[in-house]
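Convention: sequence-line order gives letters A, B, ...; per-chain numbering from 1. It should be emphasised that the depicted structure is a prediction, and the values quoted were computed from it without experimental measurement. Side-chain atoms are counted along with the backbone in the values below, which use heavy atoms only and exclude waters and symmetry mates.
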2 protein chains.
Amino acid sequence: MRKRATMTDVAALAGVSLKTVSRVVNGEPGVSPDLVERVRRAVEQLDYRHNLAASNLRRGVRTQTIGVLLHDLRNEYAAELLRVIDDHARPLGVAVLASSLDDHEDREQVLVHDMVTRRVDGLVLMPASPDQSYLLPEVRAGLPVVAVDRPTAGLAVDTVVVDNRDGAHRATEYLLGRGHVRVACLTDRGRLWTARERLRGYLEAITEAGLPVDERIVVKDLVTADEATAATRALLDLADPPTAVFAGRNDLSVGVVRALRERALERRVAVVGFDDFPLADLMSPAVTVVSQRVTEIGATAAQLLFARMHGEAPTPRTVVVPTRLVERESGLIPVPVTFA
Amino acid sequence: MRKRATMTDVAALAGVSLKTVSRVVNGEPGVSPDLVERVRRAVEQLDYRHNLAASNLRRGVRTQTIGVLLHDLRNEYAAELLRVIDDHARPLGVAVLASSLDDHEDREQVLVHDMVTRRVDGLVLMPASPDQSYLLPEVRAGLPVVAVDRPTAGLAVDTVVVDNRDGAHRATEYLLGRGHVRVACLTDRGRLWTARERLRGYLEAITEAGLPVDERIVVKDLVTADEATAATRALLDLADPPTAVFAGRNDLSVGVVRALRERALERRVAVVGFDDFPLADLMSPAVTVVSQRVTEIGATAAQLLFARMHGEAPTPRTVVVPTRLVERESGLIPVPVTFA
DNA sequence: CCCGGACCAGACAACGTTGTCAGGCGATGG
DNA sequence: CCATCGCCTGACAACGTTGTCTGGTCCGGG
């Protein structure tokens, strides 16, 4: 396990100066063919590999690296975002440092700090904490930042989100339009912007329909699919259970379906979920969802980021990517006729 | 967009020497309290951030970064691996550079080269090309490499795989044991080791059962779920269609189920898939699979890698993580009685 | 009063690379 | 035959940091 050869080693072996090696390695013109050849051979012989860090340091150039900090890389939504961003970065010679925040406030600050320490050229962040003003010095120092999925607070940066309120509104309206009057709502932690917006969309739709809001069928702060399953069981145990459920996140939808299955009610209670998920169309009944165009979100985030990294510095922009209501079977389940 | 402050700037503002700033920043002892305070204030005022690259360069220490190159980060299996590896790396102060190879041979070499250029301290690789001997110089130069999912060829490194042959053998045997005599097999590209091994397991089981191998129901080189769907349609169109299917990868299983659904045969044809997938248990019928313990694979890979990064240099080890046959409904579907 | 030691601060070189500039050499033209 | 030019090549400094080593100050003890 020897140390890696440096340009100095190559120069010594080739019998040329350090600088000549540098020129050959960087493909600069003005080196005579036989010297090029000698250097090439020495490089080969020593297995010399260019050191990007040292090169970037001297050049005063950026690191050709961006950071991508998302909620959970194992989650389908985050994984897709990462993949798309990487696909945009690679052709530009930019590598991606990725990590998961688990919506943990401290982790956000720690990891962002680590990224800054590594002098990433840009950052894609799914904000986990309620305040990003700690980023102000970095942004002022020229760090391009793009927020995805949720906006930042306390600091304006480029942002790519969907209209969560509108999507939830439409989902709820869809169920109400099919005759349901008892529509339950399950959402994520209230400190998350997306959860709050989706809840708002639901409440607006209910209110606009002239229906009362029944707090017993509005369940908040659900983190895992299992919690959604448990919550659904409780809903079904009510004296007047809901006839339809709006699930505010893809794994919550899964949790709901699981609970309905347990009681063989999956064709008796209507479900519309927020976020599509793989195989939603293959379940029986297939699950109706409000779908986010994840690929488009990722591509947009990448474009905004690279534009800024390439020197464009407009005032922060917010892009709202439209959602689509994907009609499948679970949303079509009617209100049971066996009713008082 | 000013340039970031350096230690020199901080030193100037604090009225101390560069080295004193270095000491304070690194928490070294032996600086008088009031100087520490002055430096702290200057750091604050200038938003100074430590430059890890420069620090590492000088220290001759590694970059505190590892590379993770997998097939496709959006794939559930790869995403989970990445997540687990990151969870192991973070507490050690190590960041993860991740990218997708798409099983593209050139991309493997290009991306590995890029990682070397960035002087990663270690590499987790899902080999995409048939020969990794190009890695020899890097390994000799002390780069720890761990192969996951598939072994390397032309170069021995630490490896974490499952017994694909055995898993496929058991899956096939399971179907044969339930009376099926026409069991189809769908597999990935033959140049992939996993695909070859799984095919081998299938063929062995068929042969051991004294059955003939019918090439018409052994379909190879399937890359996408759609291709599996098309292949399944063709199988069903045969004069003597299979009564059971062994699908050699998780999205191929999905493709098979989709085709069966189209013809309302999902409860008439048995299915066992290789690799579990989310919601496999929620489909109807729930899909029986050979499951890999992905978390364990990732954790093992991380452990092997970090052991080597910390100086252990035993001869390359191969860890075979066991698979489990997860019995669900689709594997229990019996041979139709309406039979000649 | 002076010496020794403890303690603290800074000068300098070096990590591996590249930009700048000066110099050597052969060829060309007057 | 010499001045000039162009083409190569290399010496040197610098990127931002840290290890080493030197030197200064202050204190207590002899």
Side-chain angles (χ1 to χ4, degrees), chain A residues 2-40 42-43 46-65 93 116-121 141-142, chain B residues 2-40 42-43 46-65 93 116-121 141-142:
Chain A
R2 7 175 267 264
K3 275 196 90 170
R4 289 228 82 118
T6 70
M7 281 192 176
T8 312
D9 303 324
V10 175
L13 180 60
V16 298
S17 84
L18 178 58
K19 180 63 209 188
T20 299
V21 176
S22 168
R23 277 193 265 260
V24 173
V25 167
N26 289 294
E28 287 174 30
V31 181
S32 63
D34 62 324
L35 279 200
V36 171
E37 186 47 33
R38 275 197 355 236
V39 171
R40 285 260 146 78
V43 162
L46 296 175
D47 293 320
Y48 168 78
R49 297 290 181 275
H50 194 224
N51 184 327
L52 191 64
S55 175
N56 285 336
L57 178 60
R58 166 61 235 230
R59 282 180 148 134
V61 101
R62 322 285 265 195
T63 52
Q64 326 258 63
T65 308
V116 170
T117 266
R118 292 170 188 275
R119 291 292 188 276
V120 292
D121 300 341
Chain B
R2 7 175 267 264
K3 276 195 91 171
R4 290 228 82 119
T6 70
M7 281 193 177
T8 313
D9 302 324
V10 175
L13 180 61
V16 298
S17 85
L18 178 56
K19 180 64 212 188
T20 299
V21 176
S22 169
R23 277 194 264 259
V24 172
V25 167
N26 289 295
E28 288 174 29
V31 181
S32 63
D34 62 324
L35 279 199
V36 170
E37 187 47 34
R38 265 176 32 213
V39 170
R40 284 260 147 78
V43 163
L46 295 175
D47 294 321
Y48 168 80
R49 298 290 181 276
H50 194 222
N51 184 327
L52 191 64
S55 175
N56 284 337
L57 177 59
R58 166 62 233 234
R59 283 181 147 134
V61 100
R62 322 286 267 197
T63 52
Q64 325 258 64
T65 308
V116 171
T117 266
R118 291 170 187 276
R119 291 293 188 277
V120 292
D121 300 340

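Nearest heavy-atom pair across B:V39 and B:V16 is CG2-CG2, 3.9 Å. Residues B:A11 and B:L18 come closest through the heavy atom pair CB-N, 3.6 Å. Closest approach of A:Y48 to A:V10, counting heavy atoms only: CB-CG2, 3.6 Å.
The A:T8 side chain lies nearest to C:dT17 when the options are C:dT17, C:dG10, D:dG19. Comparing atom distances between the A:Y48 side chain and each of C:dT17, C:dG16, D:dT18 picks out C:dT17 as nearest.
Taking atom CG of B:L35 as the reference point, atom P of D:dT25 lies 15 Å away to the nearest angstrom. Following rounding to the nearest Å, B:M7 (CE) and D:dA14 (C1') show an atom-to-atom distance of 17 Å. The distance from atom CZ of A:R59 to atom P of C:dT20 is 12 Å, rounded to the nearest whole Å. The interatomic distance linking B:R119 (CZ) with C:dG16 (P) rounds to 9 Å, in whole Å. In this structure, CG of A:L18 is placed 13 Å from C1' of D:dA14, rounded to the nearest angstrom. Between the NZ atom of B:K19 and the C1' atom of C:dA14 there is a distance of 12 Å, rounded to whole Å. B:R4 places its CZ atom 18 Å from the P atom of D:dC15, with the value rounded to the nearest Å. Rounded to whole Å, atom P of D:dC15 lies 13 Å from atom CG of B:N51.
Side-chain N/O atoms of B:N56 include none lying less than 4.0 angstrom from OP1 or OP2 on D:dT17. At the phosphate of D:dG10, OP1 or OP2 sits under 4.0 Å from a side-chain N or O atom of A:T20. Phosphate proximity of C:dA9 to B:S32: present, with a side-chain N or O under 4.0 Å from OP1 or OP2. In terms of phosphate contacts, B:S17 brings a side-chain nitrogen or oxygen within less than 4.0 Å of OP1 or OP2 of C:dG10. For A:S22, no side-chain nitrogen or oxygen approaches OP1 or OP2 of C:dT17 to under 4.0 Å. Note on B:H50: a side-chain N or O is less than 4.0 Å away from OP1 or OP2 of D:dT18.
Each end of the helix from C:dC1-D:dG30 to C:dG30-D:dC1 yields a helix axis from five base pairs, and these two axes differ in direction by 70° (to the nearest 10 degrees).
Residues A:V36 and A:R23 are not in side-chain contact: their nearest non-hydrogen atoms beyond the backbone lie 4.5 Å or more apart. In this structure, the side chains of A:M7 and A:K19 stay at 4.5 Å or more apart for every pair of heavy atoms.
Looking at B:R58, its side chain comes within 3.5 Å of the base of D:dT18 through a donor and an acceptor atom.
Within 4.0 Å (heavy atoms only), B:V16 reaches sugar-phosphate atoms of the nucleic acid but no base atom. As judged by a 4.0 angstrom heavy-atom cut-off over every strand, B:G30 is placed among residues touching the sugar-phosphate backbone only.
Along DNA chain D, the nucleotide closest to B:E28 and the one closest to B:A53 are compared, and the more 5′ of them pairs with B:A53.
With hydrogens and angles left out, the side-chain atoms of A:R119 and A:T65 include no donor and acceptor closer than 3.5 Å. A donor atom on one side chain and an acceptor atom on the other are found under 3.5 Å apart for A:D121 and A:T63.
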- Tell me, with the steps shown, if A:R49 and A:R4 meet side chain to side chain contact (heavy atoms under 4.5 Å, CB included). CA-CA 8 Å; A:R49 297 290 181 275; A:R4 289 228 82 118; 3.4 Å; yes
